[in-house]
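Have a look at the structure below before the remarks.
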Amino acid sequence: MKQPSFDRRDFLKLTGAAALPCLPAWARAADDAAAALDAARAEGKATFFANITSVQPIMDAFHKATGIQGEYTRISSSKFIPTLLTEAAAGKLSADVVQAPLPMLELLKEQGILAPYRSPAARGYPDWATQDDHITLFGVEYVSYLYNTQHVQAADAPKTYQDLADPKWRGQIVMANPSSHASTISWLVGLKEQVFASEDEWMQFVKALAANKPMFVASFGPTPAPVESGEKRIAISMPKYIVTKAPAPLAWGPKSGPLLGSARAIAVTAQAPRPAAARALVDYWLSRQAMSLLARDVGEYVLAPGVYPPIPGIDEVRVKVVRDLPDDEMQRWGREFGKLFGAR
C-alpha cells in the first residue's frame, strides 16, 4: 500500500520532539534509513573486494544514487583468501565489503573477519539466501554448456548432459581443467548428486566425457573463445557469456536443466574502515536496481525475485546450488578427475 506523503519539518513542528516515539513504524524506519545514509555519505566511500567480474557499472550507479564512491578491486579466487587473511592479521584490512563464492566467505566468517549485517534490501530473496546473519547470497555461478550456432545446428546440439559423452564430440569440447578448477570439480560432483540416477551411471558419463579428449583451460573465462572462433564446438562454461560475448553466435543447453552452480555471496567486514558506507553498498548491491544491472549487463543469475539475464529460456529452467565440498573432498576428486581425464 502506498504510504501517505507529508513534510517532515511541518510534522515535527506540530508534534514536538516528545511525540517522536508515537511516529508510525514506517516513518521511524524512514528516519533510520535517512540517518544511516547520511552517516555513509559522511564516510565518503566504500571499498569492495570481489572475485566477480564486470561490476564497475554497479559501482558507478551506486555513486550516482547515493553520492558515495564505490571502489572495486577484483581479486582472483586463488588469491582471495590469502589476501584477506594477510591484511586482517596485520590489522590493515582495507575492504569494507567482500564478495566471493559462499565457501570462501564462510571461511572468513570462521576467522572473525566478517561482521553481522542483515540488509533490508534482501526482503523477498529465498529464505536459504538470507539465513546467515553475516552472509547474504545474491546469485548462483551457474554452469552448463555453450555451442556455436554457426557450426552446430540446434537440432544437433546436445539435449542432455549425457549427450556430451557422445563420441561425435571427440576433440570438440573445451572445459576448465577438472583436476584443478574448483568450480568444475564441484559441478561434476553436483551432476552425480543431482542429475544422474546412480553413481555408476555418472561414472560411465565421466569416463566417456574424458574419452572425448576435451581441451583444458585454467578457468571458465577462456572457455568461450575456442567456440567463438570455431576451433571447438562445445564449451562446458557459463551461459552468462552469451551476454558478455555478444554478438558472438552462442547458445546454451540443456534446456531441460537443471543448471548447477556455486552460490555467490556478499558481506561486510568486521574491520571495515567505513562501516556505514559498507552497509549502504550492500543495501544497494542487493537492490532490484543493482541486480537488474548484474543480470542484464553481466548475464549473472541473481536471486532478486523476478530478475533474469536476457538469455532465452533462462527464466524457465531450474538453477540449483551445488554442495560445498570440503577441502579434502575437493582434493580427492581433483586427483581422481586428473587420472580419468589425463589432466594435470
Side-chain angles (χ1 to χ4, degrees), residues 2-3 8 23 25-52 54-74 84 93-102 104-105 108-109 113-140 263-298 300-307:
K2 185 177 179 181
Q3 303 293 352
R8 254 180 93 256
L23 278 173
W26 60 264
R28 293 197 301 274
D31 279 350
D32 291 345
L37 186 56
D38 286 344
R41 285 172 175 155
E43 291 174 348
K45 68 176 183 179
T47 58
F48 184 42
F49 284 9
N51 79 337
I52 196 170
S54 306
V55 297
Q56 187 56 46
I58 296 181
M59 297 296 98
D60 295 340
F62 170 63
H63 182 230
K64 183 176 181 180
T66 65
I68 304 163
Q69 187 71 42
E71 295 186 354
Y72 159 63
T73 298
R74 183 176 186 272
L84 271 291
L93 182 58
S94 58
D96 297 303
V97 177
V98 290
Q99 177 280 317
L102 176 59
M104 293 187 183
L105 293 199
L108 295 180
K109 178 185 174 182
I113 292 174
L114 304 184
Y117 181 58
R118 289 185 179 271
S119 172
R123 292 194 185 102
Y125 278 48
D127 289 343
W128 54 266
T130 59
Q131 61 187 2
D132 192 301
D133 62 355
H134 287 66
I135 301 168
T136 303
L137 310 184
F138 65 86
V140 180
R264 294 192 185 277
I266 193 168
V268 173
T269 64
Q271 298 179 19
R274 293 159 289 271
R279 292 188 290 271
L281 176 55
V282 170
D283 290 347
Y284 187 80
W285 181 270
L286 296 173
S287 71
R288 186 178 182 86
Q289 180 179 357
M291 289 295 96
S292 295
L293 285 172
L294 199 59
R296 185 192 69 205
D297 296 346
V298 190
E300 293 288 343
Y301 190 90
V302 300
L303 300 180
V307 179

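As the structure is a prediction and not an experimental result, all values here were calculated from the model.
Within the 4.5 Å cutoff, side-chain heavy atoms of P275 are placed close to those of E43. Counting heavy atoms from C-beta on, the side chains of T136 and V282 never come closer than 4.5 Å. The shortest distance between side-chain heavy atoms of L281 and M59 falls below 4.5 Å. With contacts defined as side-chain heavy-atom distances shorter than 4.5 Å, the pair L37/I68 qualifies. Considering only heavy atoms from C-beta on, F49 comes within 4.5 Å of T73 through its side chain.
Nearest heavy-atom pair, Y125 versus L303, reported as atom, atom and distance to 0.1 Å: CD2-CB, 3.9 Å. Of all heavy-atom pairs between L137 and A265, the closest is CD2-CB, 3.6 Å. Taking both residues in full, the closest heavy atoms of A40 and A280 are given as CB-CB, 3.8 Å, listed atom of the first, atom of the second, then distance. The two residues A61 and Y284 come nearest to each other via the heavy atoms CB-OH, 3.2 Å. Shortest non-hydrogen contact noted between A278 and V97 is O-CG2, 3.5 Å. Taking all atoms of both residues into account, the shortest heavy-atom contact from A122 to L286 is CB-CD1, 4.1 Å.
In this structure a side-chain-to-backbone donor-acceptor pair under 3.5 Å is missing from E300 to G139. Panel note: side chain R118, backbone Q131; a donor-acceptor pair is recorded below 3.5 Å. Panel note: side chain D96, backbone A272; no donor-acceptor pair is recorded below 3.5 Å. R296 places no side-chain N or O within donor-acceptor distance of the main-chain N or O of V307, the cut-off being under 3.5 Å. Between the side chain of R41 and the backbone N or O of T66 there is at least one donor-acceptor pair closer than 3.5 Å. The main-chain N or O of N51 is found under 3.5 Å from a side-chain atom of R74 such that the two form a donor-acceptor pair.
Separating the CG atom in L105 from the OG1 atom in T269 is a distance of 11.0 Å, to the nearest 0.5 Å. Distance CD/Q99 to CD1/I52: 5.0 Å, rounded to 0.5 Å. Put simply, CG on L108 and CD1 on I135 are 8.0 Å apart, with the number rounded to the nearest 0.5 Å. L93 contributes atom CG, which lies 7.5 Å from atom OG1 of T47 (distance to the nearest 0.5 angstrom). Atom CZ of F62 sits about 9.0 Å away from atom CG of D283, to the nearest 0.5 Å.
Using bins of under 30°, 30° to 60° and over 60° for the plane-to-plane angle, the ring pair F48/Y72 lands in the tilted bin.
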Walk me through it: do V98 and L114 pass the test side-chain contact (heavy atoms from CB on, under 4.5 Å)? CA-CA 9 Å; V98 290; L114 304 184; 3.7 Å; yes
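Residue pairs meeting the side-chain hydrogen bond (donor to acceptor under 3.5 Å, both in side chains) criterion with at least one partner in residues 55-65, sequence neighbours excluded, are Q56-D60.
Not counting sequence neighbours, the partners of D132 by the salt bridge (Lys or Arg N to Asp or Glu O under 4.0 Å) test are K109.
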